[in-house]
Structures are given as C-alpha cells and as structure tokens.
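To start, the structure under review is shown below, and the notes come after it.
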Amino acid sequence: MTSLNKVFADLPVTIFEAMSQAARDNNAINLGQGFPDGPGPEDIRRAAADAVLNGYNQYPSMMGIPELRQAIAAHYRHWHRLDLDPMTEVMVTSGGTEALTSAILAVVESGDEVIVFQPVYDSYLPIIRQAGGIPRLLRLEPPHWRLSEEMLKSAFTAKTKAVLFNNPLNPAAVVYPREDLELLARYCQEFDAIAICDEVWEHVVFDGREHIPLITIPGMRDRTIKVGSAGKIFSLTGWKIGFVCAAPALLRVAAKVHQFLTFTTAPNLQAAVAYGLGKPDDYFHDMRKDLARSRDRLTAGLERIGFPVLKSQGTYFLTVDLSPLKLNETDLAFCKRIVTDYKVAAIPVSAFYEKDPVTTVVRFCFAKNDATLDAALERLSDAVHRR
Ligand code: GLN
C-alpha cells in the first residue's frame, strides 16, 4: 500500500489509552489516565439532562452557544479580572485537545520554530510537526521543574514563532509562580512570539496557591492563546468541552481551524457547563479541598510503603521518584510490572519526553474515592521490592 502520513503513521497509541487498556486487560485499579471515579456534580449533570430533553439539540453556532461564551467571559472576569469579549475572544471546542490543535494550526507554518518544554503533553509535537513547525525542546528538571533565564535564552531566536506552555504542569504537578510567567512573557515580547497556554488544570490548584493565566501578565494580552477545559474544572472528563480565549486577530484564525476539525460541540453539554461556570466560589474551593485531601491520602500511603513522593501543587496527579529504590528498572518497566503483578495502573513520565527522557519518575492519579486509593495502596504494599 502507498505510504500514509508519517507524522501520524509512526506514532504509538497514547500512553493514556495504552495504560487504560492494560488496566482493563488486567482488571487493575486505574491510577493512570487522569479521570475521577465519581459521577461528577449532580446539578451540572441534571442541567445537561434537562437540556437534552427540553433544550436545543441541533447544530449550535460553531463558536459555541452564546450563553456559554458569556459564562466563560464572566468566569474569567470574576476569577482573574480578565476582560474578554464573549463574541470575538471566546470559542468553545470539543475538549482541550481540540482547542490546542486549533491554536497550533492557526499559528504555526512551515519552518516556524516552536518552543516546547519537556515533560511535554503528547498531543503537542505531532500537531506542531503536521503544521510544518520545528519543535525546539527545552527540559524542565525535577524536583522543581522551574523555568530559567538560561534555558529561554538558549532557545528563543528570530525564528521563534510560538511557545507552548502548560500551567499547571501535567505530569509534574507544578503551579508556576508569577516570577516564571514574567520571565516567559519577557522573552515572548522580546522575540515577538505567540504563547499558546494550556491551562486546563487552572482550577485544580492546592494549598491556597493561585493560578495566574499567562494572558494576564502585562504585555501578553494580545499574544496569548489561552486554552481551558470544563472536563477538568467539573470532574466530567468525558464531556470534552474546551475553550479557546484570545484577542480577535488570533481567535479568528483558530476558529477557521475549528470549523474543519469538529465544527461544533454538543449544545446540551455546553448549556450545562454555562450553568456550572456560574457556581459560587465555594464549589471551586471545595473541589480543591477534596482533591487535596485525596492527594494527601495517596501521598501518605505511598510514603508509608516507601515511595519517595514529589509533592503535587495542582492537577489530578502526583509523581514518585523511583531512583532511590534501586529497582534497576525504568519507569516504563515499573508501570508494566505493577499493572500485571499488582493490578494497579500508573503512567511512566518518560512518555512525556521525546529526547533524553527522565526514566525514574512515575505519575499516579489521586482523583479517586478513598476506597479506590486504599485498595490501590494495599495492592502496592510490597511494590518497592522486586518480586
Ligand atoms: N489529560 C489526561 C491525562 O493526562 C489524558 C487525556 C487523554 O487521554 N486524552 O491523563
């Protein structure tokens, strides 16, 4: 047969799907792919059900239903004092991944350099390459995973078209402080680069930490494309409702991509998300508190077993460092072994690298109820030793 598009033909199935399949095959507890095991907020699910039965179920506007676009703008005004025009600066997509793809394809052309940080979420590089872009990989180092002037200086050039930045950072569970954002903003402005900012974990931040959208840093308003996700905000990951927020000149082109990727997104789920975004602040603070409690439960349990845990500042994830355990196996081998031998699935962090992977760090999802976490801990109780 004739050869197919090499960007995609040679890609592995995503590690999230692969580990979820391994979890199903082995009847394992799935602490791999990031999704909560609860059903999600009942009032929001009822709002969706009501919209299915009594609402509009034909094609909505490709940009999203007006009430959701207004709710997104109002939400960010309330939480971040960010003023967005709902009609020219907000678009609804079918999930965060589609939002990112629309943003990347809108910005990147053949020969453009795009700065990307490892660990890197697995959808970024193939889409950059499909656009003809040339990824410039920078490397964040555990345990702090912070940005530095040296690393930015080594990568930004006159050819830099864009930078892709994920904050809070999956899988490292870092919430970046203002200092790092200002540093990145300075380089974007000096080199006239566009920032595509994957902020899907924006509400999942712990211990009183504040998420600061890059678009709110002075000088970034017109050069940042902000991506969000209702799935993460409301623990409804299967809904696949994402948002793109950007100045009209940027959003206009992202919309031209979106119109041929998915065109539009289920209107009933959009209506329910519009309702959810208006929930009182307590909802969001309680969600953070609940998840932080789950994080602490899994952290304490893993530490009791003997795993060195790198503390999670946000996201559904924590990571453990295998290196002091002297298991003499990579993170991938460890994950394959624990899913078959202990019936617990996790994600090897090396999957977030294309070059020179860190091979000693493993990611666990703690967005689960106590019984699930306790059962997983019980199963892992002697996993720090090789059987
Ligand atoms: N973002 C999710 C994670 O990191 C995965 C989403 C997906 O599988 N597409 O686990």
Side-chain angles (χ1 to χ4, degrees), residues 8 11-25 28-38 40 93-104 116-127 140 145 164-175 196-205 211 227-243 261-262 265 291 294-295 298 310 312-320 331-332 335 338-339 344-354 357-358 361-368 372-373 376:
F8 296 102
L11 283 182
V13 171
T14 85
I15 191 70
F16 310 110
E17 176 71 17
M19 290 310 304
S20 284
Q21 190 56 48
R24 289 187 284 268
D25 292 346
I29 297 172
N30 192 352
L31 304 187
Q33 193 176 34
F35 61 91
D37 59 357
T93 61
S94 296
T97 305
E98 198 233 332
L100 286 162
T101 299
S102 298
I104 294 167
V116 170
F117 298 90
Q118 294 190 114
V120 56
Y121 190 64
D122 65 354
S123 82
Y124 301 173
L125 295 178
I127 305 301
L140 304 165
W145 315 93
L164 241 157
F165 184 58
N166 177 213
N167 176 36
L169 177 64
N170 174 14
V174 177
V175 179
I196 299 172
C197 214
D198 173 355
E199 299 185 350
V200 300
W201 299 104
E202 59 196 330
H203 266 296
V204 190
V205 295
H211 168 72
V227 168
S229 163
K232 268 71 176 183
I233 297 176
F234 298 114
S235 308
L236 294 162
T237 59
W239 279 22
K240 301 295 293 178
I241 307 267
F243 336 128
L261 282 176
T262 61
T265 298
L291 281 166
S294 301
R295 171 201 62 178
L298 187 62
L310 305 178
S312 160
Q313 303 175 348
T315 75
Y316 291 161
F317 311 115
L318 60 75
T319 50
V320 302
D331 58 341
L332 180 61
C335 287
I338 65 168
V339 75
V344 176
I347 298 286
V349 165
S350 59
F352 290 74
Y353 288 78
E354 184 172 81
V358 167
V361 180
V362 169
R363 188 192 87 174
F364 289 93
C365 174
F366 52 74
K368 307 290 174 189
T372 307
L373 296 177

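In each ligand, atom 1 is the first atom listed, and ligand 1 is the first ligand listed.
- For His203, the side chain to side chain donor-acceptor pair (under 3.5 Å) partners are His75, Arg288, not counting sequence neighbours.
- With sequence neighbours excluded, the residues forming a side chain to side chain contact (heavy atoms under 4.5 Å, CB included) with Lys368 are Leu31, Phe35, Asp37, Cys365, Thr372, Leu373, listed by chain and number.
- When only modelled atom types and interatomic distance are considered, Thr315 and Asn170 share no side-chain donor-acceptor pair under 3.5 Å.
- Between Tyr124 and Phe117, the gap from one ring centroid to the other reaches at least 6.0 Å.
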Per-pair distances, ligand 1 N/O vs protein N/O, less than 3.5 Å:
unit_1	atom_1	unit_2	atom_2	d
ligand 1	1 (N)	Tyr121	OH	3.3
ligand 1	4 (O)	Asn170	ND2	2.8
ligand 1	4 (O)	Arg363	NH1	2.9
ligand 1	8 (O)	Gln33	NE2	2.8
ligand 1	10 (O)	Gly34	N	2.7
ligand 1	10 (O)	Arg363	NH2	2.8

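- Across all non-hydrogen atoms, the minimal contact from Gly96 to Val227 is O-CG1, 3.9 Å.
- Evaluation of the ring pair (Phe, Tyr, Trp, His ring centres under 6.0 Å) rule for Trp239 yields no partner, not counting sequence neighbours.
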